[in-house]
2 protein chains.
Amino acid sequence: MTPRTDPLTLEVVELIGEVVSRYHAEYDEAAAQHALTGAQARVLGLLSVEATPMRRIARKLKCEPSNITGIVDRLEARGLVERRPDPADRRVKLAAATEEGRRTAAKLRASLDFAREPLGGLSEDERTALRDLLKRMLGN
Amino acid sequence: MTPRTDPLTLEVVELIGEVVSRYHAEYDEAAAQHALTGAQARVLGLLSVEATPMRRIARKLKCEPSNITGIVDRLEARGLVERRPDPADRRVKLAAATEEGRRTAAKLRASLDFAREPLGGLSEDERTALRDLLKRMLGN
DNA sequence: TATTGTTATACTCTATAACTATA
DNA sequence: TATAGTTATAGAGTATAACAATA
């Protein structure tokens, strides 16, 4: 648990900061091309995989459930998302992507994959090495 | 420029997303421990290195200059930052960290380095490999 | 009683446009 | 004319607290 302050570690920390910065810039830009904010794009991405209770969306986004109401409201007003009852528990509302929502999410994913193209500069062996190092770093 | 969709690349993209998510959670948590928002912590970090014109802060944060006014206002109200005239150009205001601001920034950096401790799980060779892969990925 | 989603409120961040004082 | 900083405005995200419906 000793905080590392050696130059090598600091350099890696710096590089990770740059990755984070670039990731965000590209994510938000891709979202903006579909007139979505970053938060809206993340929620739409989740819902394009499966219908999800409001509360669970909040846990995945690490924010308060009350915020999800507004984000889903705005997505619903644009016809990208709809609220459905949960047959098993009448307190629960399932947010689900509409047809158009899934199409938008697919286009978003495509432009994101394109934005993350920097990985294309690495060989397969290098990508494997990067994957393993990131997994170890994340404790997976 | 061909978007890669092979499983290995998608796995690395996924892992980078997780790094970004964890980086943000830990950054915001560290900032909150000093009653700062993420944006305030970033600006304070910049100013603890050197006094900076408002406009330049905006460029570094990739946001509009008008936003910096409010962020610096709030930091100034707490005595962490002050505005100084620029002797060379009377239009320019230099934002600079106060003594207390530098102390807060130092504590923030320390808790951030601690938060980024996951790198401690990697050997020196592994950190070197990670550094080189990230540099190649970022095009450095 | 506890949980789900919502509403109400207040604050921060954000972009845009118009303003001022300098250059 | 152009630039630096600010103000005014509006929209979005955020947390907190209180509420109705349901479990």
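What you see below is based on every heavy atom in this structure, not just the backbone, and it leaves out hydrogens, waters and symmetry mates. The structure presented is a predicted model; accordingly, all values stated were derived computationally and were not measured. Order of the sequence lines sets the chain letters (A, B, ...), proteins ahead of strands, with each chain counted from 1.
Just one of A:Gln40, A:Arg78, A:Lys107 meets the side chain to side chain contact (heavy atoms under 4.5 Å, CB included) condition when paired with A:His34; it is A:Lys107.
Between B:Met54 atom CE and D:dT7 atom C1' there is a gap of 13 Å when expressed in whole angstrom units. Taking atom CZ of residue B:Arg55 and atom C1' of nucleotide C:dA15, one finds them 14 Å apart after rounding to whole Å. In this structure, CD of A:Glu29 is placed 17 Å from P of C:dT14, rounded to the nearest angstrom.
Salt bridge A:Glu100/A:Arg103: absent, no basic N to carboxylate O contact under 4.0 Å.
Taking CZ of B:Arg102 as the reference point, atom OG1 of B:Thr104 lies at 11.0 Å (rounded to 0.5 Å).
The closest side-chain heavy-atom distance from A:Leu80 to A:Leu36 is below 4.5 Å. At a threshold of 4.5 Å between non-hydrogen side-chain atoms, the residues B:Met137 and A:Arg22 do not count as touching.
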Would you tabulate the nitrogen or oxygen pairs shorter than 3.5 Å linking the protein to nucleotides 10-14 of chain D?
| residue | atom | partner | partner atom | Å |
| --- | --- | --- | --- | --- |
| D:dG13 | OP1 | A:Thr37 | OG1 | 2.5 |
| D:dG13 | OP2 | A:Arg74 | NE | 2.8 |
| D:dG13 | OP2 | A:Arg74 | NH2 | 2.6 |

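Taking all atoms of both residues into account, the shortest heavy-atom contact from B:Gly38 to B:Asp28 is CA-OD1, 3.9 Å.
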Check against side chain to side chain contact (heavy atoms under 4.5 Å, CB included), B:Thr37 and B:Ile71: CA-CA 10 Å; B:Thr37 65; B:Ile71 296 173; over 6 Å; no

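Within residues 75-98 of chain B, the residues that have a heavy atom under 4.0 Å from DNA chain D are, in order of number, B:Arg83, B:Arg91, B:Val92, B:Lys93.
Sequence neighbours left out, the pairs with a member in residues 79-92 of chain A that pass side chain to side chain donor-acceptor pair (under 3.5 Å) are A:Asp73-A:Arg83, A:Glu76-A:Arg83, A:Glu82-A:Arg84, A:Asp89-A:Arg91.
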